[in-house]
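Here the structure comes first, spelled out in structure tokens, and everything after it is commentary.
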Amino acid sequence: MTRSESKHAMLDEMGAVPVVVDALDPDQVAEAVGKARPDVIVHQLTALAGQGMRGLKHRVAMTNRLRTEGTDHLLSAGQAVGVRRFVAQSFPLYARTGGPVKSEEDPVDPAPPRDYLEAAAALFHLEEAVLDAGWTEGIVLRYGP
């Protein structure tokens, strides 16, 4: 699933069956997932790619929506077709305590810096929604910075 027609050929060359979808449109997501009928959904929706700092605020805001609304749309579509596993990309917002190397047992930051509040809320939503989905095996991977 991609939002960009320009990535269609690259995905096709990689052996995927590409489909252009607006992940913020629940009907488009449901249709794409319904046609694919996957066993597993790997959610890596992001809008962060771009040219340095230009447009970064917009890309972050869009990524926050993808981590909330997009997650909800994918979960709903996945539940409708009975996916057995749902894997989602997250980002480490660990508490600023202890050493620099963190594990899943380390606590997340309960009070992230003001600049990260919206992103943190979106990540917390994503993680909670995926891990609380009782109908599938929800897995969240916190990619390192």
Answer yes or no: does atom CD of Glu118 have more than 12 heavy-atom neighbours from other residues, nucleotides or ligands under 6.0 Å? no
Modelled atom types, side-chain donor and acceptor of Ser4 and Thr2, under 3.5 Å: no
Flag the pair His43 / Leu74 as yes when at least one side-chain heavy-atom distance between them is below 4.5 Å, and no otherwise. yes
Assess whether side-chain contact (heavy atoms from CB on, under 4.5 Å) is satisfied between His8 and Glu5, documenting all intermediate values. CA-CA 5 Å; His8 198 277; Glu5 188 68 45; 3.9 Å; yes
Looking at side-chain heavy atoms only, is the closest gap between Leu75 and Phe86 below 4.5 Å? yes
Non-hydrogen side-chain atoms of Gln44 and Tyr143 separated by less than 4.5 Å: yes
Check for a donor-acceptor pair, side chain of Ser90 on one end and backbone N or O of Leu123 on the other, with a separation under 3.5 Å. no
What are the two closest heavy atoms between Pro38 and Val81, and how far apart are they? CD-CG2, 4.3 Å
Side chain of Arg59, backbone of Arg54: donor and acceptor closer than 3.5 Å? yes
Between atom CD1 of Ile139 and atom CZ of Arg85, what is the distance when rounded to the nearest 0.5 Å? 5.0 Å
Heavy-atom check, side chain of Val87 versus side chain of Ile41, under 4.5 Å: no
Donor-acceptor contact present, side-chain Thr136 to main-chain Gly138, <3.5 Å: no
Working to the nearest 0.5 angstrom, can you tell me the gap between Leu45 CG and Glu69 CD? 11.5 Å
Main-chain N/O of His73 paired with Ser76 side-chain donor or acceptor, under 3.5 Å: no
Any side-chain heavy-atom pair from Lys7 and Val20 closer than 4.5 angstrom? no
Using modelled atom types and a 3.5 Å cut-off, is there a donor and acceptor pairing between side-chain atoms of Asp25 and backbone atoms of Asp22? no
Using a strict 4.0 Å threshold on nitrogen-to-oxygen distance, state whether Arg96 and Asp109 make a salt bridge. yes
CZ-CG distance between Arg67 and Asp72, expressed to the nearest 0.5 angstrom: 14.0 Å
Is the shortest side-chain heavy-atom distance between Arg114 and Leu117 below 4.5 Å? yes
Rounded to the nearest 0.5 Å, what's the gap from CZ on Arg142 to CG on Asp106? Could you check? 9.0 Å
With the side chain counted from C-beta on, respond yes when Leu66 and Met62 share a heavy-atom pair under 4.5 Å apart, and no when they do not. yes
Any link between Trp135 and Val130 through a network of hydrophobic side chains (Ile, Leu, Val, Met, Phe, Trp, Tyr) touching at under 4.5 Å? yes
Show your working on side-chain contact (heavy atoms from CB on, under 4.5 Å) between Val40 and Val83 and close with a plain yes or no. CA-CA 5 Å; Val40 177; Val83 298; over 6 Å; no
If you compare all heavy atoms of Val33 against all heavy atoms of Gly78, which two are closest, and at what distance to 0.1 Å? CG1-N, 4.2 Å
Between Leu24 and Gly70, what is the shortest heavy-atom contact and its length? CD2-N, 4.1 Å
Side chains of Thr71 and His125: is there a donor and an acceptor less than 3.5 Å apart? no
For Ala77 and Ala30 the tightest heavy-atom approach is CB-CA, 3.8 Å
Which heavy-atom pair separates Val21 from Ala32 by the least distance, and what is that distance? CG2-CB, 3.7 Å
Gap between atom CZ of Phe91 and atom CD of Glu127 - 0.5 Å precision: 11.5 Å
So which heavy atom on Ala23 is nearest to which on Met1, and how close? CB-CE, 4.0 Å
